[in-house]
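The structure presented is a predicted model; accordingly, all values stated were derived computationally and were not measured. This chain uses plain numbering: 1 for the first residue, then up along the sequence.
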Amino acid sequence: MKTSRILLTAATALAVTLVPLGAEAGGKVSTVAGGLDSPRGLSFSPDGALYVAEAGRGGAGPCMAGPEGEACYGESGAVTRIDHGQQTRVLSGLPSLAARDGSGAIGPSDVSFLGKGNMYVTVGLGANPALRTNLPPKGQQFMGWLLRNGKPVADIAGYEATANPDGGEPDSNPNSVLALPGGRVVADAGGNSLLWVPDKGGIHTIATFPTRMATGPDGSQIPMQSVPTSVALGPDGALYVGELTGFPFPKGAARVYRVVPGKAPQVYAEGFTNIIDIGFAHGKLYVLEIAHNGLLSGDPTGALIQVGKNGAQHIVTQQLTMPGGLALRDGKAYVSNCGACPNPPGAPGSGSVVRVGL
């Protein structure tokens, strides 16, 4: 079974304890936005504002059994704009599935811009595409899709159902999107695939990522899927993809792949744990881990890591709790924090965006 309900898994596997923000060797950490519902991917718009996808907190239902427990549907997903200390939801009412306490939401996953007036958003699914028929109409129309300015433009989950690039059990969870001239790149965490959505329409496979063997909780060797969660454009023009890894989520097993279309993915850096996002700044790779000690460790502490020469890792900060996304600008990292924490009904969102000095 594919591991695509990545953040619901995290929420159920970890006993969440909020980590207070402060300063440490890697740089000062400060909050720039709060009250968010499961914040995930981040991106700066052409006018300099920061946008964050909120996966929401689910809702009153219908509720359904999922691979990691019950999930209830609602339309609490959103995209929020942050600019000069002000935050505004520019998209709202998007589909969301979450546990009854609002944790581990599946919904809007990432946001990316191409010039003015072109905002692209992925909406997750975390299931076999055929199961969308169990959702209310808006869930069927939006979950598993790539949106442009709030409107569905590419059915990523539908492509998984028909093409199934990695040949495994059909499963789709569009997680990361990178808007480029001529088309969009989407990392489907459930499909273990990297996809190209050209302007002219259609969807094409750029690459798939290998299943590897790992040691299970009982000591036996079991297949572990890649679960690619993030894609970034490198300074060399290649695509770089970070993987969460599937169950049993072993510490140190996650990799960053370098992908050149038409060629097999190559391992660029390794030794990470449960990567949720990556990015480049001044030619350096930064890796964001949702759980630095592993999703089954019981420790919700995340980590932002700078990758140096020969793959050397430098921890910028661990003052993070289950982070969900990363954006880099002007010598600072912006991280969506508490991306899978509980968001009880009637309570303010527990998520935030923090700024980290690099």
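Remark: the backbone N or O of Met119 is paired with a side-chain donor or acceptor of Asn149 at under 3.5 angstrom. For Gln140 (side chain) and Leu135 (main-chain N/O), a donor-acceptor pair under 3.5 Å exists by modelled atom type. When atom types are taken as modelled, the side chain of Asn274 and the backbone of Ile290 share no donor-acceptor pair closer than 3.5 angstrom. With Ser76 contributing its side chain and Arg57 its backbone, the two residues share a donor-acceptor pair below 3.5 Å. Judged purely by atom type and a 3.5 angstrom limit, Gln87 uses its side chain to pair as donor or acceptor with the backbone of Gly34. In this structure, Asp110 contributes its side chain and Ser176 its backbone to no donor-acceptor pair below 3.5 Å. Panel note: side chain Asn173, backbone Gly126; a donor-acceptor pair is recorded below 3.5 Å. In terms of modelled atom types and a separation under 3.5 Å, the side chain of Arg212 and the main chain of Ala253 share a donor-acceptor contact. A donor-acceptor pair under 3.5 Å is formed between the side chain of Ser112 and the backbone N or O of Ala179. The backbone N or O of Ala312 lies less than 3.5 Å from no partner atom in the side chain of Asn310, so there is not a single donor-acceptor pair.
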### Message
Quick one, Ser103 with Asp101, criterion side chain to side chain donor-acceptor pair (under 3.5 Å). Give me CA distance, side-chain angles, the key distance, then yes/no.
### Response
CA-CA 6 Å; Ser103 63; Asp101 66 356; 2.6 Å; yes
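Looking at Tyr73 and Ser96, their side chains never come closer than 4.5 Å, going by heavy atoms from C-beta outward. For the pair Pro136/Pro62, a side-chain contact is recorded, criterion being any heavy-atom separation below 4.5 Å from C-beta on.
Checked against a 6.0 Å centroid threshold, the rings of Phe44 and Tyr51 do not count as neighbours. Tyr268 and Tyr240 have their aromatic ring centers within a separation under 6.0 angstrom.
Closest approach of Pro165 and Leu195 over heavy atoms only: CG-CD2, 4.4 Å. Between Ala232 and Gly279, the shortest heavy-atom distance links the atoms CB-CA, 4.3 Å. The two residues Trp145 and Pro152 make their nearest non-hydrogen contact at CE3-CB, 3.4 Å. When every heavy atom of Leu146 is checked against every heavy atom of Ile156, the shortest pair comes out as N-CG1, 4.1 Å. Between Leu147 and Val123, the shortest heavy-atom distance links the atoms CD1-CG2, 3.7 Å. Closest approach of Pro95 and Gly139 over heavy atoms only: CG-CA, 4.0 Å.
In this model, no donor atom of one side chain and acceptor atom of the other lie less than 3.5 Å apart for Asn337 and Thr321. The closest side-chain donor-acceptor pair between Asn343 and Ser350 falls under 3.5 angstrom. Inspection of the Ser172 and Asp188 side chains reveals an N or O donor paired with an N or O acceptor under 3.5 Å. Thr80 and Glu54 share a donor-acceptor pair across their side chains, judged by distance under 3.5 Å alone. For the residue pair Glu243 and Ser226, a side-chain donor N or O sits within less than 3.5 Å of a side-chain acceptor on the partner.
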Cut-off 3.5 Å, no hydrogens considered: what does the side-chain donor-acceptor table look like for residues 322-335, sequence neighbours left out?
none

Without placing hydrogens or testing angles, list every side-chain donor-acceptor pair under 3.5 Å for residues 199-209, not counting sequence neighbours.
from, atom 1, to, atom 2, distance (Å)
Asp199, OD1, Arg184, NH1, 3.3
Asp199, OD1, Arg184, NH2, 2.2
Thr205, OG1, Tyr159, OH, 2.7

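For the atom pair OG1 of Thr162 and CD of Glu160, the computed distance is 8.5 Å after rounding to the nearest 0.5 Å. Rounding to the nearest 0.5 Å places OG of Ser352 at 9.0 Å from CG of Leu320. To the nearest 0.5 Å, the span separating CG on Asn175 from OG on Ser109 amounts to 5.0 Å. The line from CZ of Phe249 to CE of Met224 is 10.0 Å long, rounded to the nearest 0.5 Å. Atoms CG and OG, on Leu244 and Ser230 in that order, are 9.0 Å from each other to the nearest 0.5 Å. Remark: Asp236 CG to Phe280 CZ distance equals 7.0 Å, nearest 0.5 Å.
Under the side chain to side chain contact (heavy atoms under 4.5 Å, CB included) test applied with Ile275, the options Thr273, Asp277, Ile278 reduce to a single match, Ile278.
Other residues, nucleotides and ligands place more than 12 heavy atoms under 6.0 Å from the CD atom of Gln221. Annotation: Lys263, atom NZ; neighbour count of heavy atoms from other residues, nucleotides and ligands within 6.0 Å does not exceed 12.
Arg81 has a carboxylate O that lies under 4.0 Å from a charged side-chain N of Asp47, or vice versa, which qualifies the two as a salt bridge. A salt bridge is absent between Lys251 and Glu289: the closest approach of a Lys/Arg side-chain nitrogen to an acidic carboxylate oxygen does not fall below 4.0 angstrom.
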